[in-house]
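Values below: every heavy atom of this structure, side chains too, minus hydrogens, waters and symmetry copies. Keep in mind the model is a prediction, meaning the values are calculated, not measured.
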Amino acid sequence: AVFASPPPPGASGLLVTPVQLSNADLVASLGASGCRAEVVGVLRNGQWLLYIVGAPAQANSAFPATLSEATPFYARCGA
(Lines give C-alpha, C1' and ligand atoms only; values in the text may rest on other atoms or scores of the structure.)
Protein backbone atom coordinates (compact mmCIF):
# COMPACT_ATOMS: atom_id res chain seq x y z
CA ALA A 1 0.00 0.00 0.00
CA VAL A 2 1.26 3.44 -0.85
CA PHE A 3 -0.08 6.64 0.69
CA ALA A 4 -0.96 9.41 -1.78
CA SER A 5 -0.34 12.28 0.63
CA PRO A 6 1.93 11.36 3.55
CA PRO A 7 3.30 14.14 5.74
CA PRO A 8 6.47 15.69 4.33
CA PRO A 9 9.84 15.04 6.02
CA GLY A 10 10.02 16.69 9.44
CA ALA A 11 6.23 16.92 9.76
CA SER A 12 3.38 14.87 11.18
CA GLY A 13 -0.17 14.22 10.15
CA LEU A 14 -3.27 12.09 10.35
CA LEU A 15 -3.81 9.34 7.79
CA VAL A 16 -6.07 6.33 7.21
CA THR A 17 -4.88 2.83 6.34
CA PRO A 18 -5.89 1.97 2.75
CA VAL A 19 -5.87 -1.78 3.47
CA GLN A 20 -5.20 -4.03 6.47
CA LEU A 21 -1.52 -3.66 7.41
CA SER A 22 0.83 -5.06 10.02
CA ASN A 23 2.79 -2.45 11.94
CA ALA A 24 5.94 -3.36 9.95
CA ASP A 25 4.05 -3.07 6.65
CA LEU A 26 2.60 0.26 7.75
CA VAL A 27 6.07 1.69 8.43
CA ALA A 28 7.39 0.24 5.14
CA SER A 29 4.43 1.66 3.19
CA LEU A 30 4.97 5.09 4.71
CA GLY A 31 8.64 4.86 3.72
CA ALA A 32 7.74 3.91 0.15
CA SER A 33 5.51 6.98 0.09
CA GLY A 34 8.29 9.34 1.20
CA CYS A 35 7.74 9.38 4.97
CA ARG A 36 10.53 7.94 7.13
CA ALA A 37 8.20 7.21 10.05
CA GLU A 38 9.61 7.80 13.52
CA VAL A 39 6.37 7.38 15.49
CA VAL A 40 2.98 5.98 14.55
CA GLY A 41 -0.01 6.16 16.88
CA VAL A 42 -3.62 5.03 17.07
CA LEU A 43 -6.36 5.86 19.53
CA ARG A 44 -8.02 2.98 21.38
CA ASN A 45 -10.68 3.69 24.00
CA GLY A 46 -9.46 7.27 24.34
CA GLN A 47 -5.78 6.36 24.82
CA TRP A 48 -2.91 6.74 22.39
CA LEU A 49 -1.06 3.54 21.55
CA LEU A 50 2.34 4.36 20.05
CA TYR A 51 4.72 2.45 17.82
CA ILE A 52 8.20 3.97 18.05
CA VAL A 53 10.31 2.83 15.11
CA GLY A 54 13.52 1.20 16.31
CA ALA A 55 12.40 0.92 19.94
CA PRO A 56 12.59 -2.43 21.77
CA ALA A 57 9.58 -4.72 21.29
CA GLN A 58 8.57 -4.20 24.92
CA ALA A 59 8.18 -0.45 24.30
CA ASN A 60 5.86 -1.13 21.35
CA SER A 61 3.93 -4.03 22.90
CA ALA A 62 0.67 -2.06 23.33
CA PHE A 63 0.53 -1.13 19.65
CA PRO A 64 -1.74 -3.45 17.61
CA ALA A 65 0.07 -6.05 15.52
CA THR A 66 -2.33 -5.34 12.64
CA LEU A 67 -4.41 -2.31 11.71
CA SER A 68 -7.68 -2.89 9.87
CA GLU A 69 -8.53 -1.18 6.61
CA ALA A 70 -9.70 2.44 7.13
CA THR A 71 -8.05 2.77 10.57
CA PRO A 72 -7.14 6.38 11.31
CA PHE A 73 -3.61 6.89 12.63
CA TYR A 74 -1.01 9.56 13.41
CA ALA A 75 2.43 9.52 11.79
CA ARG A 76 5.51 11.62 12.47
CA CYS A 77 8.04 11.61 9.63
CA GLY A 78 11.75 12.14 10.19
CA ALA A 79 13.52 15.07 8.57
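- Closest approach of A62 to L49, counting heavy atoms only: O-CD1, 3.5 Å.
- Nearest approach of G34 to P9, heavy atoms of both residues: O-CG, 4.2 Å.
- Residue L21 comes nearest to S29 through the heavy atom pair CD2-OG, 4.2 Å, listed as atom of the first residue, atom of the second, then distance.
- The shortest distance between side-chain heavy atoms of C35 and R76 does not fall below 4.5 Å.
- Side chains of L67 and Q20 form no contact here, defined as non-hydrogen atoms less than 4.5 Å apart.
- For A55 against N60, the heavy-atom pair with the smallest separation is O-ND2, 3.7 Å.
- Cluster annotation: L30 is connected to V53 through the hydrophobic network of ILVMFWY side chains, with a link wherever side-chain heavy atoms come within less than 4.5 Å.
- The minimum heavy-atom distance linking V42 with F73 is given by the pair CG1-CB, 3.7 Å.
- L15 CG to L26 CG: the interatomic distance, rounded to the nearest 0.5 Å, is 8.5 Å.
- Counting heavy atoms from C-beta outward, F63 and V40 have side chains that approach closer than 4.5 Å.
- Counting only distance, with no hydrogens or angles, the side chain of S68 and the backbone of T71 share no donor-acceptor pair below 3.5 Å.
- Residue Y51 comes nearest to V27 through the heavy atom pair CE2-CG2, 3.8 Å, listed as atom of the first residue, atom of the second, then distance.
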